[in-house]
There are 2 protein chains.
Amino acid sequence: MLNLKATDIGRGASAADLIRDALREAIVQGELRDGETLRQDQIAGLFNVSRIPVREALARLEAEGLVTSHRYKGAVVASLSLEEIAETFEFRALVEPEVVRRSVARMGADTLALARGHCAAFATEADPGAWAQHNRAFHSALYRDAGRPYHLRVVSDALDKVGRYLRAQLVLTDGMARARREHDAILEACAAGDADRAAELTRAHILGASELLIDFLRRERGGG
Amino acid sequence: MLNLKATDIGRGASAADLIRDALREAIVQGELRDGETLRQDQIAGLFNVSRIPVREALARLEAEGLVTSHRYKGAVVASLSLEEIAETFEFRALVEPEVVRRSVARMGADTLALARGHCAAFATEADPGAWAQHNRAFHSALYRDAGRPYHLRVVSDALDKVGRYLRAQLVLTDGMARARREHDAILEACAAGDADRAAELTRAHILGASELLIDFLRRERGGG
DNA sequence: ATATTGCAAATCGGATCCAATATGCGATCA
DNA sequence: TGATCGCATATTGGATCCGATTTGCAATAT
């Protein structure tokens, strides 16, 4: 009998997939600034492909809400108003607590250890550029036992939308100290198997971050 | 000064947009069956265009979760497992009540009248093929004053995903009588300005429909 | 007879080419 | 001098063409 480490090549990502992932990463990480225009030619050049896969990647990202495009004028990184940012956080504050709630009830020791690891990594990371990744990895670990793939997908989309602002919140406001404390508390509740408390703490965590971020952006954008 | 009813032509939909909308409509309405393959050539022929805009439309629909595509094998209408359908309804049952809650607090007389109209149209419609549209229009009316565009978008996506199953539920089970009653109750709560009751009724409405539908599908799909 | 192999049609992903639109700069005119 | 018009350039949207992969069927070997 044949026994190989066969990797399904056909399932391999197409060029459009790779470009979509790379662009999404860049947008979420904030490497592409708010409102920056995305030239098809330029992106195609970066990946040594024609503009066709680039256009499909942009079409996907537009459906995800990370990019807005205007006919014959091109695509730009979607920029969110304060209201849109606030609403996205309120949405997260609605959904994520329910996800942790279910997750805690089914959480295994391995997941708990994983979450603990990401929590520690987040707390001790010196490079601000890596904070957001640890943060997200921590929360993802807390959600992964929920058995709710659609909820996770929707939450992930919401996080992608506000990722670069969240990053700013962690780095530019003193959100780190607070986040560390709150992460510890959430983790403790999960370890204790107290789903309700984990849910409530998650909700407060999200709304608190939102408040800090909105205040910061209001000052920065010089608006009223 | 110039004074014309100027319509922004540049905003006009591209071919890819039109095709995406048409395909989405067809999928949601159930005209394209579960798991049916979508040939690029064929669709391109229907719209008298090349395959390029078709591919962009499919890319968008894949991002929305209405289509799944496999490399070199083509795209098919995404078919949902019972678990996925149930989860989507639970997601709706989480989000939509919060949307009505906010909406009721700000609901104007015009919106109430609109909802009443759709409710009556739903209740008196003879053609089963039109039930789903009236149903959706009714709920959309109830949500539109919430001032929560992102929530509405997410809810709309979830409804698109289960639209064709919901249609089956209304037509093939005796969900109509129940839906009529529950719509009346929700509408009454909204008219009375009782946001909490409207929210709770909405939640029960969604979960009840889910139960009927899942039972029906379990029998139909011959599963355990 | 059955399993394997080779080939041909169908289909997809991507490249290249052309048309449509936007944008910026210079010429023109009051 | 300043506003407007017109054209050149840049960029996008779509069509056509080409190579890659799948799939079904027929030929063949055991």
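Letters go in sequence order (proteins before strands), and every chain restarts at 1. Only a predicted model underlies this, so the values are computations on that prediction, with no experimental measurement involved.
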Could you encode protein contacts along nucleotides 11-18 of chain C as a string, one character per nucleotide from 5' to 3', using B for base contact, S for sugar-phosphate-only contact and - for no contact, with a heavy-atom cut-off of under 4.0 Å? SBBBBB--

Counting only pairs under 3.5 Å, give me each side-chain donor-acceptor contact of residues 148-155 of chain A, with atom names and distances, residues two or more places apart or in other chains.
| residue | atom | partner | partner atom | Å |
| --- | --- | --- | --- | --- |
| A/Arg148 | NH2 | B/Glu90 | OE1 | 2.5 |
| A/Arg148 | NH2 | B/Glu90 | OE2 | 3.4 |
| A/His151 | ND1 | B/Glu87 | OE2 | 2.7 |

Looking at residues at least two apart in the chain, or sitting in another chain, which of them share a side chain to side chain contact (heavy atoms under 4.5 Å, CB included) with A/Asp127? A/Glu125, A/Ala130

By side chain to side chain contact (heavy atoms under 4.5 Å, CB included), which residues pair with B/Gln133, not counting sequence neighbours?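 Per chain and number, B/Gln133 pairs via side chain to side chain contact (heavy atoms under 4.5 Å, CB included) with B/Gln29, B/Arg167.
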
Could you name each residue pair satisfying salt bridge (charged side-chain N to carboxylate O under 4.0 Å, His left out) that touches residues 97-111 of chain B, not counting sequence neighbours?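 For residues 97-111 of chain B: B/Glu98-B/Arg101, B/Arg101-B/Asp196, B/Asp110-B/Arg144.
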
Considering only residues two or more places apart or on different chains, which pairs with a residue in residues 36-47 of chain B satisfy salt bridge (charged side-chain N to carboxylate O under 4.0 Å, His left out)?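 Salt bridge (charged side-chain N to carboxylate O under 4.0 Å, His left out) check on residues 36-47 of chain B returns B/Asp41-B/Arg51.
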
